[in-house]
**Q** 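Sharing a structure below in structure tokens format, with a few things to ask.
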Amino acid sequence: MMFGHGEKDVGIVTYGAYIPRFRILPEEIARVWGENGEAMKNGLMIFSKSVPYPDEDVITISVEAARNALARADLDPEEIGAVYVGSESHPYAVKPSGTIVAEAIGASHFITVADYEFACKAGTAAMQTSMGLVSSGMAKYSLAIGADTSQGAPGDALEYSASAGGAAFIIGKEGVIARINRTLSFTSDTPDFWRREGQPYPSHGGRFTGEPAYFRHVATCAGELMKVQGTQPSDYDFAVFHQPNGKFPTRVAQQLGFEKKQYETGLTTPYIGNTYSASMMIGLSAILDVAKPGQKVLGVAFGSGAGSDAFDITITDEMENYNKAAAPTVKSLVERSELLDYGRYAKFKGKIVMKE
Amino acid sequence: MANPRYWRENPSRYNLIGKRCENCGTVHFPPREICPKCRRKSIGKMKSHKLSGRGKVYSFTIVHEPMPDFSLMKPYIMAMVEMEEGVRLTGQIVDCEPARLSIGMEVEATLRKLGQEGSSGIIRYGYKFRPR
């Protein structure tokens, strides 16, 4: 194994999520494009998706998630040594989102900041980097964020799933509520989904995004991690996978041998859509919202292009003292919603060309 | 707005950093160098003070003729918010239908996009408010 050795007593110190409050239903998108809404809804297992307000972007969503994380912890933001924001919809091509996020959470200026990009797993890549910095002693705390306001071309299948949301995890050694026992990655050159520089919408390989991309990477990564850890699906109380739709994570969970009671808590995409870099991290946040000391979690992210990051996690006794109520749960963020018609959705997403 | 002028105000816009007069305890926002109540007695006694972000709607108006940066949000709410510290701020109220809003409603600060210099210029961020 070339990656994943050496991390010791590192884990999640605090976490926070954010989901914009607007939603659109697949039936409404299908109505405009002459598709069968019922078939799209059931085919993708997506019943609604989140939509950002016109004044929300990856930076504001990241700040919301990070402030929610800080609200729950007795932690001085000036002790954070690194801020990494993973996204495929950074507002600037040049000027890191992390610079604004760090300033807006009151972090010190003597920190390292970078933006990450790896399709839907940029946030978990940020978590792994943070684990390295913390376990080596280079930073006391490191903030890893996954956030997106993802794009789907009008009328494309992606339009039914591409949504918006964010999750922030502060990684450290002190006051760990969820210890990361081990992380492992599996990466290959697989052209399942991409967006060329300057293009407003991504392209994808249709059915090619399934078996050779999502299923191969997620299943291999999860399987290898369990092999290295000497665990099996029944050892975990919860499992959460990247959720491009509701169907893929359900199928991969069943293929690996997980039962519904293990994967349903972290399955949020059916209600909010695919939040891309935040997808697995929001699912993991939903699990942390309810998990108890001693429980074990398997989390596996997937990013097109392609790669998977897997995490073997144990909830610690610190969870008992953790001030969870200081920020909204994923459930409350999912329930706080207002429906849009396609016209307002198109306006909010900037799909209507305006006069400058 | 020129970048440097905007940039100078980022601490206030991002984190609601105002000033507190150590002489009389009044909190000012935006930050002031001299307390208008204490005048020369406040010289050297104006300390940075971060507002809690929580307050109540003191008064509001619904804007139907928006500035260009707000055209996608029309009609939108602008409100005077009385913060816990006593100081009043003007800001947009988001995540709230105009019909739901009332004077005295509890709100909290959030960071949102305030506008941008076209599609190639800088994006300006700052505080807005939403119902608590």
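Just so it is clear, the model here is predicted, and its values are computed rather than measured. Convention: sequence-line order gives letters A, B, ...; per-chain numbering from 1.
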**Q** Working to the nearest 0.5 Å, report the span between CD1 of A:Ile100 and CD1 of B:Ile122.
**A**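 With rounding to 0.5 Å, CD1 (A:Ile100) is 8.5 Å from CD1 (B:Ile122).
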
**Q** Could you list each N or O donor-acceptor pair linking chain A to chain B at a distance under 3.5 Å?
**A**
from     : atom 1 : to       : atom 2 : distance (Å)
A:Tyr18  : OH     : B:Arg112 : NH2    : 3.4
A:Asp55  : O      : B:Lys113 : N      : 2.9
A:Asp55  : OD1    : B:Arg112 : NH1    : 2.9
A:Asp55  : OD2    : B:Lys128 : NZ     : 2.8
A:Glu56  : OE2    : B:Arg112 : NH2    : 3.3
A:Asp57  : OD2    : B:Tyr125 : OH     : 2.5
A:Glu64  : OE1    : B:Arg130 : NH1    : 3.3
A:Glu64  : OE1    : B:Arg130 : NH2    : 3.1
A:Glu64  : OE2    : B:Thr110 : OG1    : 2.3
A:Glu64  : OE2    : B:Arg130 : NH1    : 2.9
A:Arg67  : NH2    : B:Tyr14  : O      : 2.8
A:Arg67  : NH2    : B:Asn15  : OD1    : 3.3
A:Tyr92  : OH     : B:Ile123 : N      : 2.7
A:Glu103 : O      : B:Asn15  : ND2    : 2.8
A:Arg336 : NH1    : B:Asp95  : OD2    : 3.2
A:Lys347 : NZ     : B:Leu72  : O      : 3.2

**Q** Take atom CE in A:Met354; do more than 12 heavy atoms of anything else shown fall under 6.0 Å from it?
**A**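 Check passes, neighbour count above 12.
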
**Q** Going by ring pair (Phe, Tyr, Trp, His ring centres under 6.0 Å), name the residues that satisfy it together with A:Phe118, two or more places apart in sequence or in a different chain.
**A**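 Here no residue qualifies.
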
